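These figures come from a predicted structure and were not determined experimentally.
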Amino acid sequence: MIWDFLFQLPTRIEFGNGKVKELAQRVLELGGKKALLVTDQGIVKSGILDIVTGVLEAGGIAYTVYDQVKPNPRDVDCMNAYQLAKDAEVDVLIGLGGGSSMDTAKAVGTLLTHGGEIKDWYGLNVLEKPITPLICIPTTAGTGSEITFFSVITDTNTKLKMNILDAKVAPKIALLDPELTVTLPAHVTASTGMDALTHAIEAYTCNISEPITDALALYAIDLIVENLPLAVADGGNLEARRNMLAGSLIAGIAFGNSDVGGVHCMAEALGGLYDTPHGVANSMLLPYVFEYNIPADPRKHAVVAEKLGAKRNGRTDEEVAQEGVQLLKDLAQAVRIPKMKELGNVNPEDFRYLAEAATKNVSAPSNPRPATMEDYLKLFHTAFEG
């Protein structure tokens, strides 16, 4: 095999219990005098926001809070947060929470340095300069957004998820503190954990993977498969929480330098139309896209299946990989992810629209097996029937 690849990691990573206590010092290191904290109401109610603002106040850092981030962040909310940041004359951003908060903060940073509307900056490498310095503090173990160089935003007019894809949107610093994740509810732990697993599997199996991302993805799968059920069963299990946060981070580095594939193409279409939580959408679709992709690379899919618990026992790669399909379904059931039919708002009459949106996704070419609109349509129906 001849490799030709680029690997980069613009973000400084600091990982460990109590790392949030260093936030004020990191703001000062970035030259910040006034911060905008971008977060959501769940973080407010959990008390995590108070912990973070207490650190800022103790360090003499002025701040303003935008706490109206919603799942699947919307363009209109990004514009509202940007206006608040602009009026407050902030010079540093802090994304606190899940991927939605961190992606919103990236969008705000883009607007602060570029102006215009968020839709002006969708696409690959269109930014003209780095965004406002950004520190990300994840409170879920799922998205990896604290180290990725893209921001996924829902366009409220088209109901499609759009992307700012540029290394200039990467956070300067990621502070990962496992202690901030222990209050995460079980259902969010489950959905974000399955999101991280999807990142790792697609980073490994997509057609633009490379040796560094392969190594990272496989280790991330190990961490997530072993620790997700433990973290869901006992949120206070700090070791499981730590390992899940590390697994999510490592999976984020992997797919950030490789790509995702058909699962995300479909999940982002589903989330854009129905506002389905991203991790739930990924989890519901993962087994079916995994099965569809097996013929493109039976060996890699067999490796993933073995990581999930399949035994070789003299079987072919295809046979081992096929067991992985059921193991993915079993894991989703074990952590109580709902099936698509159980969501109640998914209408099969929309599947042709969703399939068309999936084919237009920026990651569609990276799926290991080419998929047409008809292929995605069949996959939506298969996943719906469960």
Side-chain angles (χ1 to χ4, degrees), residues 1-5 7 144 193-229 243-244 246-248 250-267 279 282-335 337 363-372 375-376 378-379 382-383 386:
M1 180 180 292
I2 299 174
W3 283 310
D4 184 353
F5 62 88
F7 187 94
M194 290 299 293
D195 187 19
L197 180 62
T198 306
H199 291 155
I201 291 174
E202 291 205 294
Y204 179 65
T205 57
C206 80
N207 59 24
I208 61 170
S209 66
E210 42 90 348
I212 300 175
T213 60
D214 280 359
L216 292 166
L218 290 176
Y219 184 49
I221 293 171
D222 285 340
L223 287 170
I224 295 164
V225 169
E226 181 178 352
N227 290 280
L228 179 56
N243 290 338
M244 279 303 302
S248 171
I250 295 166
I253 299 171
F255 89 89
N257 278 276
S258 175
D259 200 1
V260 287
V263 181
H264 273 74
C265 296
M266 296 175 70
N282 273 333
S283 184
M284 293 186 302
L285 295 162
L286 177 58
Y288 305 100
V289 178
F290 185 90
E291 183 173 33
Y292 174 84
N293 284 332
I294 289 172
D297 195 336
R299 183 190 65 82
K300 274 199 164 185
H301 286 79
V303 170
V304 173
E306 289 179 287
K307 295 285 186 182
L308 294 166
K311 302 301 181 185
R312 177 63 63 169
N313 295 333
R315 294 182 295 171
T316 65
D317 286 338
E318 289 85 350
E319 290 169 333
V320 176
Q322 194 62 43
E323 184 180 349
V325 177
Q326 186 59 51
L327 290 170
L328 287 170
K329 294 177 182 178
D330 292 346
L331 179 58
Q333 183 176 9
V335 296
I337 298 288
S363 293
S366 298
N367 196 59
R369 182 181 174 190
T372 65
D375 292 324
Y376 280 123
K378 183 177 179 180
L379 285 166
T382 303

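- The CG atom of Leu223 sits 11.5 Å away from atom CG of Leu197, with the distance rounded to the nearest 0.5 Å.
- Here the rule is side-chain hydrogen bond (donor to acceptor under 3.5 Å, both in side chains) with Asp317, and of Arg312, Lys300, Gln322 only Arg312 fits it.
- Side-chain contact between Thr382 and Tyr292 is absent, with no heavy-atom pair separated by less than 4.5 Å.
- Residues Phe5 and Pro211 meet the side-chain proximity criterion, which asks for heavy atoms closer than 4.5 Å.
- Every residue two or more places apart in sequence or in another chain was checked for a ring-ring contact (aromatic ring centres under 6.0 Å, His included) with Tyr204, and none qualifies.
- The closest side-chain donor-acceptor pair between Asn257 and Thr213, if any, does not fall under 3.5 angstrom.
- Atom CG in Leu308 sits 5.0 Å away from atom CG in Leu328 (nearest 0.5 Å).
- Rounding to the nearest 0.5 Å gives a distance of 4.0 Å between CG of Asn293 and CG of Asn367.
- Residues Asn282 and Thr198 have side chains that never bring a donor and an acceptor to within less than 3.5 angstrom of each other.
- For CD of Gln326, the number of neighbouring non-hydrogen atoms (other residues, nucleotides, ligands) closer than 6.0 Å is greater than 12.
- Between the CE atom of Met284 and the CE atom of Met194 there is a distance of 11.0 Å, given to the nearest 0.5 Å.
- Looking at Leu286 and Ile201, their side chains come closer than 4.5 Å, going by heavy atoms from C-beta outward.
- Side chains of Phe7 and Ile253 form a contact here, defined as non-hydrogen atoms less than 4.5 Å apart.
- Within the 4.5 Å cutoff, the side chain of Ile224 has heavy atoms near those of the Met244 side chain.
- Asp195 and His199 share a donor-acceptor pair across their side chains, judged by distance under 3.5 Å alone.
- With sequence neighbours excluded, the residues that form a side-chain contact (heavy atoms from CB on, under 4.5 Å) with Ala310 are Ala305, Arg315, Val320, Glu323, Leu327.
- Nearest heavy atom pair, residue Ser366 against residue Asp259, reads OG-OD2, 2.6 Å.
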